[in-house]
Amino acid sequence: MNNTNNEGKQDDKKKREKNRINWNSIEEKWRDKWEEQRIFQADPDITKKKYFITVAYPYPNSPQHIGHGRTYTLADVHARYMRMKGYNVLFPMGFHYTGTPILAMSRRVASRDKELLETFDKIYHVPTDAIASFVEPRKIASYFHNEIRRGMKEMGFSIDWRREFSTVDKIYSKFISWQFRTLRNKGLIVQGSHPVGWCPNDQNPVSQHDTIDDVEPSFNEYTVIKFRLNDGYIIPTATLRPETIYGATNLWVNPNIEYVKIYLRDKDERWIVSNEAAIKLRFLDHKVTIESHVLGNEMIGILAKNPVTHASLPIYPASFVDPDSGTGFVMSVPAHAPYDYQALEDLKNNILIQKEFGIQFEVKPITVIGSDDYSGIDVIPSKQIINKFNIQDQKDTEIEKATNELYSHEFYKGKMLQNTGKYAGMSVSEAKDKLKNDILTSGDADIMFELINKPVKCRCGTQCVVKLLNDQWFLNYGNVKWKYLAHECLNDMEILPEEIRQEFNYVIDWLRERACARKTGLGTKVPWDQHWIIESLSDSVIYMAYYILAKYVNDKSINDADDLKDTVFDYLLLGKGNVVEVASDCNISAVLLEQIREEFSYFYPVDSRHSGRDLVPNHLSFFIFNHAAVFDRENWPKQIVVNGSVLMEGKKMSKSLGNIIPLREAVKKFGADAIRVSMLISAELLQDADFSFDTVKAIQSKLQDIYDMGIESITNSSRSQIKKANIYEELEDRWLLSRLQRTIADTTISMDKLRVREAAHNIIYSLDHDLQWYEKRAKAKNRERASVEYTLLRFLNTRIKMLAPFAPFISEELWEKIDNSSASITFTNWPTVEETKKDIVAEESEQLIMNLIFDLHKIVKVTGINPKKIIFYTGARWKLKIYYKILSIIFSEGNTNFGDIIKQLIKDPETTNAKNNSNMVKKMIEDILSDPIETRKRRVHLENFEERLPIEDARKLLAFESGGEDAEVLIYSEDDTTIYDPKSKAKFARPFKPAIQLVNQ
Ligand SMILES: [Zn+2]
């Protein structure tokens, strides 16, 4: 016995090894076929509905790694799904060269930057001679451009490569120039002075794409209040809470640092600030001359005049004062700022410092804001919150939290108290604006911008600052009419997942003027001001339209950039002008112009835009703004899909962790299908996907199983030459096909909302689960039933189609063998539900058998019986009547109250005996409530269900599962007059819960 078992296992193993898929060779075969048959090339076809899907084009400054793969794979799965739904899908790809990243990289190569050279060599495996060529920025771009394109092909992305372009192509520049002139003509590009994130080394504005770790520099506007000293010098303090000035008791200086006395020529004022602040002020366009230096501790005890209350406030020492925050001085408002309160407490308790600096300590907090939680002048809100957070001293990290909590509480709920002059009684938010305006007007205050997420580092390694940039070109996203259009565009769009819509609304409201040009970098010059280059988040917002033109540029129908005047773009993309006139003004024929215009009208608008979540606050929002501004309403985008990022084995990917795996390397090792599925099966859209090699291996082996089973049933079915007419469907066949319809329905809903984790899970795991049950049932019947091949083949046929968008290579390979034709699975239809195959009786029957096996296992385990007889008792008629009545009360009325239910049962003559069986009723209610809704729904339609039939059908399996393979299976109804019931078990039977008796003799 043991011996044959082992042999069997070895046979299996051999078979496995023989069939072991050579993933890479299957991939190569299908890549060639797809290319040969041009199946991803999409041209207008008026007989078909179109679907235009795009994904943010990559920066070719490194090869794509696993982290990049998710967005592109998702877009590709989407594209393949829509093709199977019968759409003419256009999925193109371009390459974004614009900006400083590539330039910065070439400089680092030229300076032999060790870290970068090592990354090229050790992580990306770039050949040495190629690295040497990287001192030229274009060489970097074209090397990685080719690398990424190869990787995308190897991943099986169904891209129409005829439309490829890069953003430094001459004709693309013409297109961007047109876009900019169009925006300017609409008054949406303005010249002015605005604060921007800035790299002092590159002398260039910076945004997310220009910084290390892709951080968008964000800054806040502070009010700088001027406290005057007797000698005419000003101590400026930067604050977000100017309204608390009435509660100022002192100023804070850091005793351990050096300050500078400066002259501001633009204001004709002399200030004392930290060194760092002096530098920041220069970037904010102040003309600063440093006149002398002074130590922090030299200023302790000096009195400064509050410009609003005219009180003289002493300067005290505090270690929490950061020279790089604001001006290096802090206005102390102990009643409302926990830091200040705590610093005063610390000072009060430190006699040594008091003595050292000769401080006469006499300061008391002044409360100037009241609210529900902290009311009255004698209450000190910051003291209370410090107690709440149990803060020990000013170095305690909890102070930050306490500060934020109090600030936002007072901002939303606080009112100015009687001691705040003309602001008394105002809400804090109102007083803040009024007071700020007043002191700015009186010259007692100034504005200062400060980075709030520093340090932000430029890709060149330099720390970024805020610069007030003059005469710079800005896209005016603050324009109210433009915002309105952007909202309209967003409102008509589908956002997946929907929960991210709020973030878009917020960003659209919050965006202001945005610098759209740079001094250096690759890209298109601002058409009317050649000193500037259009930056990368501004030349990448409507390029989806360019994919239509790119086809004609690449096949040389259009080859002279000079031909592309604005009138040409106006005609092609906006339908403006007369084609004959437009043609007479350039070297493009009217016929060709009309053809391109038609192609644009066919494919536009964008039906789906895919991108990573980090691009919501910039790229994706700009995409909305710019489409709304440039295009007619009918060409506004229809959908945005946002996905989260990818973790590697639970960790963020980073060079320092050494866990960046280039995509092509992974494909070579595990095959594209396994990588694709693994990326999508671990998370829904917004969640971070956790990529792990264990998952990839598990998926690879699952795909191998599907392949093996597929080959086996294809081989068997062709051997047995099944004819449909001869097929007799047994209970388990009906069940499997019915379950399949459910999976089709569920998976289609998931795919329509791009809940791809759920969809992939259905196709790979749930269907497997069903298949295993089917095989178990069929196997137990052995020769008593007809061949399983017909059902298995139908099952496989549907499963392969649903798998095709996720794992296209292996699906094509199997499909070729099933279909025997050369047509790609791409052009078969996505499966639809066959209503006639839905079979609730079969589903209920198999569920009953599964439940009985579960019960049998339990009984055998408890009793240890090796049964000779297995007796099943199904419930009496009257129990069924009561059961269905309860079910209908719960189902249609939603009433689950025992008292109400039993009242209704007793009232009905058919079920009036419920009165004497209240325990049974209670149990039935519990049964029903513990069933899934789906089961309840099904049973409503199953009033004539015969429990006896499935038990009979599965008698061999039931015997086998209880360990008595040869045991006799007996079935009685509780009502049977000839019932054999030695242990009085039948009375425990309930509908869908037959009672069981095992007999050992
Ligand atoms: Zn820089």
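Numbers here simply count residues along the sequence, with the first being 1. Keep in mind the model is a prediction, meaning the values are calculated, not measured.
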Exercise for the section: Could you tell me whether Arg459 and Asp202 make a salt bridge, using a distance below 4.0 angstrom between a side-chain N and a carboxylate O? Expected result: no
Handout entry: Shortest non-hydrogen contact from Ser608 toward Gln639
Key = OG-OE1, 2.6 Å
Handout entry: Lys50 and Asp607 ion-paired at < 4.0 Å
Key = yes
Exercise for the section: Before accepting this row, confirm whether a basic side-chain N of the pair Lys565/Asp585 lies closer than 4.0 Å to the acidic partner's carboxylate O. Expected result: yes
Exercise for the section: Verify whether one side chain among Tyr97 and Asn61 offers a donor that lies under 3.5 Å from an acceptor in the other. Expected result: no
Handout entry: Any residue meeting side-chain contact (heavy atoms from CB on, under 4.5 Å) with His65, in chain and number order, not counting sequence neighbours
Key = His68, Met653, Ile660
Exercise for the section: List for me each residue that meets ring pair (Phe, Tyr, Trp, His ring centres under 6.0 Å) alongside Tyr72, sequence neighbours excluded, and say none if there are none. Expected result: none
Practice task
Starting at NZ of Lys174, measure out to CG of Asp562 and round the result to the nearest 0.5 Å.
Solution key: 5.5 Å
Exercise for the section: Please list, chain by chain and in numerical order, all residues satisfying salt bridge (Lys or Arg N to Asp or Glu O under 4.0 Å) with Asp43, sequence neighbours excluded. Expected result: Arg162, Arg163, Lys551
Exercise for the section: Check each of Phe95, Tyr543, Tyr546 against Tyr57 using the ring-ring contact (aromatic ring centres under 6.0 Å, His included) test, and report the only one that passes. Expected result: Tyr543
Practice task
Among Phe157, Phe91, Tyr51, find the one that has a ring-ring contact (aromatic ring centres under 6.0 Å, His included) with His78.
Solution key: Tyr51
Exercise for the section: Answer yes or no: are there more than 12 heavy-atom neighbours, outside Asn587 itself, under 6.0 Å from its atom CG? Expected result: no
Exercise for the section: Return the set of residues passing side-chain hydrogen bond (donor to acceptor under 3.5 Å, both in side chains) with Asp555 (not counting sequence neighbours), or none when no residue passes. Expected result: Ser557
Problem - Side-chain (Ser621) to main-chain (Val616) donor-acceptor, under 3.5 angstrom - result: yes
Handout entry: Polar side-chain atom of Gln530 near backbone of Pro527 as donor-acceptor pair, under 3.5 Å
Key = yes
Practice task
State plainly whether the residues Asp210 and Lys457 are in salt-bridge range, i.e. N to O under 4.0 Å.
Solution key: no
Handout entry: Check: Arg83 side chain, Ser158 main-chain N or O, donor-acceptor pair, under 3.5 Å
Key = yes
Handout entry: Partner set under salt bridge (Lys or Arg N to Asp or Glu O under 4.0 Å) for Lys267, not counting sequence neighbours
Key = Asp446
Practice task
Kindly write out the residues that satisfy ring pair (Phe, Tyr, Trp, His ring centres under 6.0 Å) with Phe411, not counting sequence neighbours, or none if the list is empty.
Solution key: none
Problem - Under 3.5 Å donor-acceptor, Asp169 side chain and Phe165 backbone - result: no
Practice task
For Glu450 and Gly326, indicate whether the former's side chain and the latter's backbone hold a donor-acceptor pair under 3.5 Å.
Solution key: yes
Practice task
Can you see which heavy atom on Gln472 is nearest to which on Cys516, and at what distance?
Solution key: NE2-N, 4.4 Å
Problem - Atom pair CZ/CE of Arg150 and Met152 - distance to nearest 0.5 Å - result: 13.5 Å
Practice task
For Asn635 and Phe631, indicate whether the former's side chain and the latter's backbone hold a donor-acceptor pair under 3.5 Å.
Solution key: no
Exercise for the section: Determine, for Glu494 against Lys638, whether the closest basic-nitrogen to carboxylate-oxygen distance falls under 4.0 angstrom. Expected result: no
Handout entry: Any side-chain donor near an acceptor of the partner, His96 and Asp539, under 3.5 Å
Key = yes
Completion exercise
Phe180 meets the ring pair (Phe, Tyr, Trp, His ring centres under 6.0 Å) criterion, sequence neighbours left out, with none
Practice task
Could you tell me the separation between the CD atom of Glu503 and the CD1 atom of Ile508, rounded to the nearest 0.5 Å?
Solution key: 11.5 Å
Problem - Pairs where residues 623-634 contributes a residue and the test side-chain hydrogen bond (donor to acceptor under 3.5 Å, both in side chains) is met, not counting sequence neighbours - result: Tyr477-Asn626, Glu488-Arg633, Tyr604-His627
Exercise for the section: Please report the shortest heavy-atom distance between Pro637 and Cys489, naming the atom on each side. Expected result: CD-SG, 4.0 Å
Exercise for the section: Mind listing the closest non-hydrogen atom pair of Ile171 and Phe569 along with its distance? Expected result: O-CZ, 4.4 Å
Practice task
Return yes if a side-chain donor-acceptor contact under 3.5 Å exists between Ser106 and Arg138, otherwise no.
Solution key: no
Handout entry: Residue pair Ile533 / Leu522: nearest heavy atoms and the distance that separates them
Key = CG2-O, 3.9 Å
Practice task
Mind checking the CD1-CG spacing from Ile39 to Asp160? Nearest 0.5 Å is all I need.
Solution key: 11.5 Å
Exercise for the section: Would you please say whether a donor-acceptor pair under 3.5 Å links the side chains of Thr524 and Ser173? Expected result: yes
Practice task
Find out whether the Lys NZ or Arg CZ of Lys153 is both under 6.0 angstrom from the six-membered ring centre of Trp161 and within 45° of the ring's axis.
Solution key: yes
Practice task
Supply the atom-to-atom distance Phe625 CZ to Asn476 CG, rounded to the nearest 0.5 angstrom.
Solution key: 9.5 Å
Exercise for the section: Mind checking salt bridge (Lys or Arg N to Asp or Glu O under 4.0 Å) for Glu594 and listing every partner two or more places apart, or none if nothing turns up? Expected result: none
Exercise for the section: Keeping the roles fixed (side chain from Gln203, backbone from Pro200), state whether a donor-acceptor pair exists under 3.5 Å. Expected result: yes
Do any side-chain atoms of residues 187-199 form donor-acceptor pairs under 3.5 angstrom with protein atoms, and if so which ones, sequence neighbours left out?
residue, atom, partner, partner atom, Å
Gln191, NE2, Asp471, O, 3.2
Ser193, OG, Asn470, OD1, 2.6

Handout entry: Derivation and outcome, ring-ring contact (aromatic ring centres under 6.0 Å, His included), residues Tyr172 and Phe175
Key = CA-CA 5 Å; Tyr172 186 80; Phe175 165 70; 5.7 Å; yes
Exercise for the section: Ignoring hydrogens and angles, tell me if any N or O in the side chain of Thr462 forms a donor-acceptor pair with the backbone of Cys458 under 3.5 Å. Expected result: no
Handout entry: Distance, nearest 0.5 Å, that separates NZ of Lys483 from CG of Leu511
Key = 5.5 Å
Exercise for the section: Using the test salt bridge (Lys or Arg N to Asp or Glu O under 4.0 Å), find all partners of Glu581 that sit at least two apart in sequence or belong to another chain. Expected result: none
Handout entry: Main-chain N/O of Ser536 paired with Ser540 side-chain donor or acceptor, under 3.5 Å
Key = yes
Handout entry: Heavy atoms of other groups near Trp528 CH2, more than 12 under 6.0 Å
Key = yes
Exercise for the section: Would you please test Leu686 and Val642 for side chain to side chain contact (heavy atoms under 4.5 Å, CB included) and show each step? Expected result: CA-CA 7 Å; Leu686 270 197; Val642 177; 4.0 Å; yes
Handout entry: Side-chain donor-acceptor pair present, Asn618, Gln208, cut-off under 3.5 Å
Key = yes
Problem - cation_pi(Lys525, Trp532) dist<6.0 Å, angle<=45 - result: no
Exercise for the section: Could you tell me whether Lys519 and Glu535 make a salt bridge, using a distance below 4.0 angstrom between a side-chain N and a carboxylate O? Expected result: no
Problem - Polar side-chain atom of Arg597 near backbone of Leu592 as donor-acceptor pair, under 3.5 Å - result: no
Handout entry: Residues which pass side-chain contact (heavy atoms from CB on, under 4.5 Å) with Thr54, listed by chain and number, not counting sequence neighbours
Key = Phe52, Pro92, Met544, Tyr547, Val606, Arg609
